[in-house]
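Note that the numbering runs from 1 along the sequence shown for the chain.
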Amino acid sequence: MPAPIRVVLLATALAGVSAPARIWAQASPYIPLDDPRLPLLEHLITRGDVADPSPMVRPFRRSDAVRVLAAADTAQVSKVTREVLRRLRQAYEERPDTYWRLEGRAGGQVYTEARREQLHPAGPDGIRPYVELTGTARLGNLVLLTRPTVEPRLVDDPDWLGRRDLTVAGRVADAYISGQFRYAELFYGQMDRNWGPTGLPGIPLSNYGYERQGLAIEIGTRNLRLAALATDLQDQIDSLGQTVHRYYFVHRLHARLSPRLVIAPWEGIIVAGVGRTFETRYRNPLSIGYLANTIGFGDRSNVMLGVDVYWQAFRRSTLLAQLALDDFWYTNRERNRDRWALTFGATGPLGSSIGWRLLYSQVS
């Protein structure tokens with residue numbers, strides 16, 4: 001039986017077993033990273049007016065947004081901020097029972113460079129229409145969502161891998177099924193993700209490119225949570241004209257050591273080669289690939305190790321760091337080819353309504 005079908009059947013079975021009893025939490029769709037209300041919520045998080053529902057992990061669910069908005073201390077904010085908090089909470093609140101919803105959005109995209117990734121602009125300028133339709137269904141602990149778009153800008157984007165000979169181009173921005181339970185979540189589909197400080201592409205996982213299909217699982221509590229994602233990467237052609245298959249697996253252990261401090265070690269593994277498959281041993285979220293595969297088997301998978309640090313150091317000011325080490329050789333140090341990457345950040349409030357954010361990132 002194909003893996004995606006097994007995922008759907010498993011999630012459905014879990015939902016059916018849990019249905020007779022009162023479920024701890026209903027399923028909730030994720031807030032897409034291009035949601036027009038999200039920058040305002042991120043601004044409140046930057047200022048420290050609202051707690052970050054998932055430090056250094058995006059996206060988060062609508063229910064997570066409602067939870068932190070409801071818990072915000074309105075006694076320390078201005079009247080305008082209190083009104084913003086109330087309206088955002090109303091916008092993201094959902095009915096507690098089963099529902100389905102259709103939403104549409106239409107407008108135009110005006111750009112000086114067509115590339116989606118704005119830190120490295122490229123491509124021609126233009127004005128193009130934009131249309132999207134979002135369909136959402138929630139069935140107890142299951143949520144299903146699809147968001148197809150008509151987006152002619154795509155043909156001008158240097159990073160777009162689809163057809164460029166079309167006048168009307170489009171994509172599916174989000175499409176997933178998610179089974180959400182008290183201590184576990186199972187996800188299959190596609191959506192933009194970013195693991196790292198908000199405002200820059202994360203090192204292990206980012207929305208720099210366009211979304212791809214993936215199978216993800218999260219297990220644990222808000223204080224200790226293990227997340228893992230397995231996905232295909234685009235095939236490449238080597239110098240001999242052979243097709244190189246490429247796969248990616250990344251997992252992260254979120255540990256909240258105190259109400260103000262989160263430390264999250266993570267690991268990313270790229271498996272690539274002519275005729276290679278996504279072997280099972282590379283998809284174990286509880287395994288340390290650097291030990292089990294790089295040292296144990298001594299194969300040629302590419303392993304990157306890293307750690308995220310999130311620290312609310314001074315009242316509502318926060319310090320962030322993401323560090324990564326790639327191609328680390330513990331032997332043959334004279335042939336050392338270690339590569340590293342890092343991002344440092346800090347956020348906080350300024351006055352009654354302004355927020356500040358400092359970010360520095362470097363890759364060797």
Original post:
Do Phe60 and Ile31 have side chains that get closer than 4.5 Å, going by heavy atoms?
Top reply: yes

Original post:
So Glu151 and Arg128, salt bridge (Lys or Arg N to Asp or Glu O under 4.0 Å) or not? Walk me through it.
Top reply: CA-CA 8 Å; Glu151 195 172 358; Arg128 298 294 184 95; over 6 Å; no

**OP:** For the residue pair Ile219 and Phe181, establish whether any side-chain heavy-atom pair is separated by less than 4.5 Å.
**Re:** no

Original post:
If you link I, L, V, M, F, W and Y whenever their side-chain heavy atoms are under 4.5 Å apart, who else ends up in the same group as Trp160?
Top reply: Leu154, Tyr210

Original post:
Between Tyr188 and Tyr176, does the ring centroid distance fall short of 6.0 Å?
Top reply: no

Original post:
Can you list every pair that meets salt bridge (Lys or Arg N to Asp or Glu O under 4.0 Å) and has a residue in residues 232-259, with sequence neighbours left out?
Top reply: Arg252-Asp308

Original post:
Between Ser258 (side chain) and Arg260 (backbone), is there a donor-acceptor pair under 3.5 Å?
Top reply: yes

Original post:
Would you call Arg58 and Asp52 a salt bridge, using N to O less than 4.0 angstrom?
Top reply: yes

Original post:
Is it true that Glu94 and Arg62 make a salt bridge, defined as a side-chain N closer than 4.0 Å to a carboxylate O?
Top reply: yes

Original post:
Minimum heavy-atom separation for Arg276 to Ala272, with atom names?
Top reply: CD-O, 3.1 Å

Original post:
Of all heavy-atom pairs between Gly48 and Arg316, which one has the smallest distance, and what is that distance?
Top reply: O-CD, 3.4 Å

Original post:
Under a 4.5 Å cut-off applied to non-hydrogen side-chain atoms, are Leu229 and Leu205 in contact?
Top reply: yes

Original post:
Does the side chain of Thr277 come within less than 4.5 Å of His245's, by heavy atoms?
Top reply: no

**OP:** Would you indicate whether the side-chain heavy atoms of Thr146 and Leu144 approach each other to under 4.5 Å?
**Re:** no

Original post:
Are Val143 and Tyr99 co-members of a hydrophobic cluster defined by side-chain heavy atoms under 4.5 Å apart?
Top reply: no

Original post:
Between Ala313 and Leu319, which heavy-atom pair has the shortest distance, and what is it?
Top reply: CB-CD1, 4.0 Å

Original post:
Hey, are Arg147 and Asp174 close enough for a salt bridge, meaning a charged N less than 4.0 Å from a carboxylate O?
Top reply: yes

Original post:
Can you name the ring pair (Phe, Tyr, Trp, His ring centres under 6.0 Å) partners of His251, sequence neighbours left out?
Top reply: Phe249

Original post:
Taking the side chain from Glu132 and the backbone from Gly104, do they hold a donor-acceptor pair closer than 3.5 Å?
Top reply: no

**OP:** Determine yes or no for a side-chain-to-main-chain donor-acceptor pair under 3.5 angstrom, with Arg82 supplying the side chain and Thr74 the backbone.
**Re:** yes

**OP:** Before accepting this row, confirm whether a basic side-chain N of the pair Arg67/Asp64 lies closer than 4.0 Å to the acidic partner's carboxylate O.
**Re:** yes

**OP:** Go through Thr134 and Thr136 one step at a time and tell me if the side-chain contact (heavy atoms from CB on, under 4.5 Å) criterion holds.
**Re:** CA-CA 7 Å; Thr134 302; Thr136 308; 3.9 Å; yes

**OP:** Could you tell me which non-hydrogen atom of Val244 sits nearest to which non-hydrogen atom of Gly273, and how far apart they are?
**Re:** CG1-N, 3.5 Å

Original post:
Do you see a donor-acceptor pair shorter than 3.5 Å between the side chains of Tyr111 and Glu113?
Top reply: no

**OP:** Determine the minimum heavy-atom distance between Leu145 and Pro29, stating which atoms define it.
**Re:** CD1-CB, 4.0 Å

Original post:
Would you call Glu103 and Arg105 a salt bridge, taking side-chain N to carboxylate O under 4.0 Å as the test?
Top reply: no

Subject >> Donor-acceptor under 3.5 Å (Arg357 side chain, Gly348 main chain) >> reply: no

Original post:
Among pairs that include at least one residue of residues 340-356, which meet side-chain hydrogen bond (donor to acceptor under 3.5 Å, both in side chains), considering only residues two or more places apart or in two chains?
Top reply: Thr343-Ser361

Original post:
Judged by atom type as modelled, is there a donor-acceptor pair below 3.5 Å linking the side chain of Thr46 to the main-chain atoms of Glu42?
Top reply: yes

Counting only pairs under 3.5 Å, give me each side-chain donor-acceptor contact of residues 193-203, with atom names and distances, residues two or more places apart or in other chains.
{"unit_1": "Asn194", "atom_1": "OD1", "unit_2": "Gly202", "atom_2": "N", "d": "2.8"}
{"unit_1": "Asn194", "atom_1": "ND2", "unit_2": "Leu200", "atom_2": "O", "d": "3.3"}

Original post:
Is any side-chain heavy atom of Leu342 closer than 4.5 Å to a side-chain heavy atom of Gln322?
Top reply: no

Original post:
Going by an N to O cut-off under 4.0 Å, is there a salt bridge joining Lys79 and Glu83?
Top reply: no

Subject >> Distance (rounded to the nearest 0.5 Å) between Leu305 CG and Tyr290 OH >> reply: 7.0 Å

Original post:
About how many Å separate OG1 of Thr81 and CG of Leu85, when rounded to the nearest 0.5 Å?
Top reply: 6.5 Å

Original post:
Closest approach of Trp311 and Leu261, non-hydrogen atoms and distance?
Top reply: CB-CD1, 4.0 Å

Original post:
Is it the case that Asp35 and Tyr92 place a side-chain donor and acceptor less than 3.5 Å from each other?
Top reply: yes

**OP:** State, yes or no, whether a side-chain contact exists between Glu185 and Ser178 at a heavy-atom distance under 4.5 Å.
**Re:** yes

Subject >> 4.5 Å side-chain heavy-atom contact, Val307 and Ile263 >> reply: yes

Original post:
Is the closest basic N to carboxylate O distance between Arg116 and Asp192 below 4.0 Å?
Top reply: yes

Original post:
Between the side chains of Arg61 and Gln180, does any donor sit under 3.5 Å from an acceptor?
Top reply: yes

Original post:
Is Asp159 salt-bridged to Arg115, going by a charged N under 4.0 Å from an acidic O?
Top reply: yes

Original post:
By ring pair (Phe, Tyr, Trp, His ring centres under 6.0 Å), which residues pair with Tyr310, not counting sequence neighbours?
Top reply: none

